[in-house]
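The analysis underlying the following values was restricted to heavy atoms, covering all of them including side chains, and did not include hydrogens, waters or symmetry mates. Proteins get letters first, then strands, A, B, ... in listed order; numbering begins at 1 in each.
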2 protein chains.
Amino acid sequence: MNFQEEVQKFIQEHFQNTLPTIALDLVIFGFHENQLKVLLLRWKGGDYWMLPGGRVYKKEDVDDAATRILRERTKLEMLFLQQFHVFGKLNRSSYFSAQETYKLLGIENLYSPDFRDVSVGYYALVEYTKVNPVADNFSDECRWWSIDELPCLLFDHNDIIRVALKTLRRQLSYQPVGYNLLPEIFSMTDLQSLYETILGRQLDRRNFYKQMMTYGILELSESSPKIASRKTPYLYRFKKERYEQLLDDEELTIG
Amino acid sequence: MNFQEEVQKFIQEHFQNTLPTIALDLVIFGFHENQLKVLLLRWKGGDYWMLPGGRVYKKEDVDDAATRILRERTKLEMLFLQQFHVFGKLNRSSYFSAQETYKLLGIENLYSPDFRDVSVGYYALVEYTKVNPVADNFSDECRWWSIDELPCLLFDHNDIIRVALKTLRRQLSYQPVGYNLLPEIFSMTDLQSLYETILGRQLDRRNFYKQMMTYGILELSESSPKIASRKTPYLYRFKKERYEQLLDDEELTIG
DNA sequence: AAAAAATCGCGTACTTTATACGCAAAACTA
DNA sequence: TAGTTTTGCGTATAAAGTACGCGATTTTTT
């Protein structure tokens with residue numbers, strides 16, 4: 001059984017167990033070396049990249065399916081995951097036409113001009129170092145890409161990432177961010193770098209410090225030095241109760 | 001052909017032309033007599049109410065389908081319409097079980113425990129007086145309901161309205177609202193009443209006035225009196241360019 | 001008809017939040 | 001050892017948000 005047949009068989013079986021028409025796409029954000037990263041998959045045998053995604057089992061909540069897919073790719077539990085947009089255009093191809101895409105994927109025989117998927121976009125924030133990227137059945141490789149060095153992705157996935165980033169930026173203005181993107185212990189500078197990277201602009205160090213302090217989401221880690229200096233800055237952790245209180249004030253998690 | 005058979009025939013035909021699994025639900029907001037209203041449909045022959053909704057034709061953008069449904073119910077064009085959440089739980093019934101719901105609707109024979117829909121929620125802002133509510137094929141009646149006097153709706157539609165309202169309230173904090181909810185010419189008090197109703201709290205008249213002026217979205221109508229007073233307050237209209245500029249800054253309309 | 005109450009536009013004072021920038025201590029650079 | 005960088009923390013100023021006053025006009029009350 002060659003690759004095409006194998007994929008075809010898998011797809012057919014998978015489609016029988018999952019909801020038709022609905023697909024999920026996940027924009028999984030990580031943060032490393034002052035860069036915002038996104039987890040991408042490389043399709044088997046080619047050099048074409050796409051977002052991790054999947055389908056919803058017939059007896060599964062849509063949000064649960066997104067959680068499952070995120071867990072499969074990252075091997076992580078308990079993450080920040082939020083649906084942000086539905087991508088439902090008839091033509092969801094940016095750089096390659098639909099037919100071209102099937103050809104690139106080596107499954108040209110599966111192409112049908114009538115087929116379409118409506119995709120529910122989710123974005124997740126995960127801790128870069130804790131992630132062990134795992135490819136799925138259709139992929140050879142799963143790895144991080146820097147958000148400003150993305151290749152041309154399949155389907156409309158560049159658009160999806162753009163909207164996800166916009167949503168994340170907006171989230172930053174009314175909710176704290178960082179709990180799932182940073183290690184448990186971090187310095188104020190680490191947190192500020194994260195914010196600067198997401199927002200794409202510089203922030204004043206001293207004002208940032210003050211703002212975080214008034215939010216009350218940080219507490220000194222016990223490993224902090226008594227006297228802070230260049231080599232040994234204070235280390236913080238998030239006060240989870242307060243952090244999640246600020247999250248809950250605005251979250252929409254019904255459905 | 002009795003009602004059940006008629007409905008069944010219509011549903012089957014409709015389902016053949018539309019995408020499976022995906023439904024749309026519309027929360028259409030209007031404003032009248034200092035109350036926020038929502039457009040609801042009464043199912044044929046019963047006293048059970050639900051949100052207007054519909055399905056997506058196989059060759060139709062999802063957003064276009066929402067626009068079409070909104071137009072069908074209101075006979076209006078060019079409205080503010082925005083998708084806000086996907087409702088994808090396995091069990092989307094709040095007050096009546098799925099089977100019970102089918103019974104209430106008089107289509108018990110169509111019930112299947114395996115059937116499920118994932119619903120994309122849209123909310124719209126329309127001008128109350130301009131709307132001519134039109135029932136659909138399954139409904140006897142389409143009319144406005146005050147947002148705080150809603151009955152127990154079918155499915156999870158009370159939840160959907162709650163999330164829509166929350167989204168609308170948030171929108172108010174970073175975007176102007178009113179263009180599609182008020183008549184072309186209105187007084188400052190009218191606009192303030194709208195804001196107070198949406199936010200569910202009182203605002204200071206004088207501060208509200210100042211804030212709207214700094215936004216720069218209002219201009220005096222030519223029908224305004226030279227000297228304002230109780231009986232004859234100044235009348236305003238929206239400066240559309242400035243208004244839409246503020247909208248565009250934050251809108252997410254890809255997909 | 002006069003007094004009281006309500007509503008309108010517009011203004012001022014105060015408080016909270018956001019932004020700009022200063023400074024000393026520690027540690028690295030050379 | 002002198003200069004530079006990075007850290008925590010402070011102060012001054014600007015902007016945004018909130019409380020409330022006032023006179024003119026109209027409606028309601030008596």
Nearest whole angstrom, please: distance from the [atom2] of [N] to the [atom1] of [X].
| X | N | atom1 | atom2 | result |
| --- | --- | --- | --- | --- |
| A:Met213 | C:dA18 | CE | P | 16 Å |
| A:Gln211 | D:dG8 | CD | C1' | 17 Å |
| A:Tyr234 | C:dA25 | OH | P | 14 Å |
| A:Gln192 | C:dT19 | CD | C1' | 14 Å |
| B:Leu220 | C:dC8 | CG | P | 15 Å |

Going by number, which of residues 195-210 of chain B have a non-hydrogen atom under 4.0 Å from DNA chain D? B:Asp204, B:Arg206, B:Asn207, B:Lys210
B:Thr189 side-chain proximity, nearest of D:dG17, C:dG9, C:dC8: C:dC8
With respect to B:Ile28, which candidate in B:Leu125, B:Val126, B:Leu79 satisfies the side chain to side chain contact (heavy atoms under 4.5 Å, CB included) definition? B:Val126
Between B:Leu165 and B:Arg162, does the side chain to side chain contact (heavy atoms under 4.5 Å, CB included) criterion hold? Intermediate values first, please. CA-CA 5 Å; B:Leu165 184 58; B:Arg162 222 175 48 245; 5.9 Å; no
Geometric class of the A:Tyr195/A:Phe208 ring pair [parallel <30°, tilted 30-60°, perpendicular >60°]: perpendicular
Between A:Tyr236 and B:Tyr215, whichever has its closest DNA chain D nucleotide further toward 5' is A:Tyr236
Could you pull out all residues at least two apart from A:Glu184 that satisfy side-chain contact (heavy atoms from CB on, under 4.5 Å)? A:Arg237
Contacts satisfying salt bridge (Lys or Arg N to Asp or Glu O under 4.0 Å) that involve residues 71-86 of chain A (not counting sequence neighbours) are A:Arg68-A:Glu72, A:Arg71-A:Glu77
Evaluate side chain to side chain contact (heavy atoms under 4.5 Å, CB included) for B:Gln35 paired with B:Ser146, printing each intermediate quantity in order. CA-CA 6 Å; B:Gln35 286 195 307; B:Ser146 201; 3.1 Å; yes
